[in-house]
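Notes to accompany the following structure.
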Amino acid sequence: MSYLHTSCAFIILCAIAAGMIRILQGPTAADRMMAAQLFGTCGVAILLLLAKGLDTIVLLDIAMVFALFAALASITFVRRAWHEQTGASR
Amino acid sequence: MRRYSTHNKRKRLNPVLLLVLLLTASLTILLGRAILTTDYQTERLGDDVAQFQKLSGVESPVTAVLLNFRGYDTLLEVMVLLMAVVGVWSLTQAPFPGKPIEPGPVQLAVVRLLTPLMVLFAFYLVWKGSSLAGGAFQGGAVLGGACVLMLVSELPWIKNIPSRHLRIGLLAGPFVFLGTAILCLILEGTFLAYPQGWAGSLLLLIETACAVSIGLTLACLFAGGRPKDDLSRGRKR
Amino acid sequence: MMPYSILTAFDIVLISTLLWLAWKMLRSEDLFKAVVLFISFGLLMALAWVRMRAPDVALAEAAIGAGLTGPLFLSALRRMERLHKDERRVNIDEERKSETIFHTQQKETP
Amino acid sequence: MITNLLYSFGGLMLFSMGLFALIACSHPLRKILAINVMATGVFLILIATAYRQIGTGEIDPVPQAMVLTGIVVSVSVTALALILACRVQETSNHSLIQRKKDDFTRTGT
């Protein structure tokens, strides 16, 4: 168990908690979605750091799944939600 | 701005909601007490799993529990997924796309690059399920993600998939699972009791088939209805 | 000893963020915002499964909870709103009035 | 010990939050969200009980397998419920929107 990696993961988790503010008060829908994407990216970083810090290789696969599915969420957003939301003052 | 206007109203609680809130709070307190007073040391199924791990044919305890020790559950659960698709298909036709939009070049490139990677990763997860984390459900979910990626980009050929192929794919998992179970019934005399030494490869076969049908199931659930040609084709034949 | 306390702090921040997300998701007046919060909720749940040493569950949650359920909700939301495309503004107003029960308005007896 | 108590109570809070929202909110989409939150709370409690045995040995795989199937079932239930809600809204001539006014959540003025 490595102190450095775990505390880095903790700091990135705090960054996620701060990123929630953008979801809550993002003026447009795209801002909210981009904040969710930030969550995904930070999640990948945390998983990689924890994989190193806790010596569990399995976490690398989970990070891979995170990265693959982040694209899916944003593409669905672009296809299914965004063009309806343009002009809406959300 | 909206937030502040609603903030002022928050103090006046509806009496019905207040009652609901009280009931929920008391339920929470009861459940919290149950959590605190439960004795977890006495009841353990993990020891039994660890004891019979060698017989199961796989190294990962979760996969062993899922497909061997509690195979009955998983069989029924695959059926539940099939029932969900049956429900969705009987409710409505696939409504999307309302007005198709051409996918942009970036999106096409993403789909082209990402889909094979996802399919590859799905089968990697299935294969890895025997030793580490992974298995039919995870692999199936990633496969479903790949299908959803293609569905959402509204590629032109996706509308022309004959529904019979879809049905075969959906049924593959439950069918292989049930077939294996019946084969075990004939060979060993017990439902889902895999023959000695064959357990590992049989489990891999079941897992692959189940992953394919779970992925297709998730894609069909996402598509939100039966394919367009489904009923007309059925009437002709 | 030190990494243990760091991990405990990690747990506390993770759980409080999860609860905060769930609370905001269920009481937000905008359904789209609720769906986006749900996606991030799924992502953080996957981290929680990792901390509970359940990598299988974390894999499934990352793929399903964060990856597939979010798009499902997004397209259902669009499908619901597609009917009322011209009355969308009205819709949102209705939403705002009747959906924000957490900051509840008074009941009006008929 | 403190870890699984933390996660157990987090799961408990999620469960009751979801239950309250399920009863209190009127829009079907939000009800489905609430059911999902409830399910996640239950899963969290189950997994936390499995984690509790870390002191005595390996982690119990049985609750993990149960939760794994539970997640997959919950996504199919969610999809079916969403389709049902869409169909209700499509076939009932906007009655969900209309009826909301007469709900007990009706606003003053």
Side-chain angles (χ1 to χ4, degrees), chain C residues 4 7-8 11-12 14-16 18-19 21-23 25-28 31 34-35 37-38 41-42 45 48-49 51-57 59-61 63-65 68-69 72-73 75-77 79-80 82-84 87 90-91 94-102 104-108 110, chain D residues 2-4 6-7 9-11 13-14 17-18 20-22 24-30 32-34 36-37 40-41 43-44 47-48 50-51 54 59 61 63-65 67-72 74-75 78-79 82-83 85-86 89-90 94 96-97 100-109:
Chain C
Y4 178 73
L7 279 183
T8 312
D11 291 340
I12 291 171
L14 184 59
I15 289 174
S16 41
L18 272 174
L19 291 177
L21 268 175
W23 177 245
M25 167 167 77
L26 294 175
R27 60 162 281 196
S28 74
L31 272 177
V35 172
L37 284 172
F38 185 76
F41 180 77
M45 273 321 287
W49 301 136
R51 272 296 295 137
M52 298 316 290
R53 299 202 181 186
D56 292 270
V57 184
L59 269 174
E61 179 81 28
I64 289 176
L68 280 174
T69 320
L72 261 177
F73 273 107
S75 45
L77 189 64
R79 192 172 168 182
M80 280 182 174
R82 203 173 49 162
L83 289 172
H84 322 283
E87 350 166 28
V90 188
N91 239 347
E94 289 291 335
E95 266 284 285
R96 191 162 75 210
K97 276 180 201 157
S98 52
E99 202 50 53
T100 56
I101 311 162
F102 280 3
T104 304
Q105 303 87 355
Q106 215 170 11
K107 180 187 179 184
E108 188 183 318
Chain D
I2 183 148
T3 311
N4 46 47
L6 262 176
Y7 279 97
F9 276 94
M13 288 307 295
L14 284 182
M17 236 183 246
F20 180 67
L22 176 67
C25 293
S26 59
H27 197 282
L29 207 72
R30 197 171 307 255
I32 299 169
L33 276 177
N36 267 295
V37 172
T40 312
F43 295 155
L44 199 49
I47 291 285
Y51 184 75
I54 184 67
I59 293 171
Q64 292 193 3
V67 168
L68 192 55
T69 54
I71 285 177
V72 181
S74 90
V75 72
T78 304
L82 283 174
I83 299 284
C86 287
Q89 197 139 13
E90 277 165 16
H94 306 198
L96 267 179
I97 306 285
K100 259 201 243 162
K101 279 183 188 164
D102 312 339
D103 234 347
F104 73 97
T105 59
R106 180 176 176 173
T107 50
T109 66

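First the proteins, then the strands, lettered A, B, ... as listed; each starts at 1.
- Side-chain N or O atoms of D:Gln64 include one that pairs as donor or acceptor with a backbone N or O of C:Arg53 at under 3.5 Å.
- Listed by chain and number, the residues in a side-chain contact (heavy atoms from CB on, under 4.5 Å) with D:Ala79 are B:Leu221, C:Leu72 (sequence neighbours excluded).
- Both the backbone and the side chain of D:Phe43 come within less than 4.5 Å of a heavy atom in chain C.
- Looking at C:Met52, both its backbone and its side chain come within 4.5 Å of chain D, counting heavy atoms on both sides.
- Among all heavy-atom pairs drawn from C:Arg51 and C:Leu7, the shortest one is NH1-CD1, 3.9 Å.
- Here the straight-line distance linking atom CG of D:Leu6 with atom CG of C:Asp11 works out to 6.0 Å at 0.5 Å rounding.
- Only the side chain of C:Phe41 comes within contact range of chain D, with heavy atoms under 4.5 Å apart.
- Taken from CD1 in D:Ile47 to CG in D:Asn4, the straight-line distance is 12.0 Å, to the nearest 0.5 Å.
- When D:Leu29, D:Ile32, D:Ile83, D:Leu68 are compared by the number of non-hydrogen pairs under 4.5 Å with chain C, D:Leu29 comes out ahead.
- Neither the backbone nor the side chain of C:Leu59 comes within less than 4.5 Å of any heavy atom of chain D.
- Put simply, of D:Val67, D:Asn36, D:Thr78, the one with the most heavy-atom pairs under 4.5 Å next to chain C is D:Asn36.
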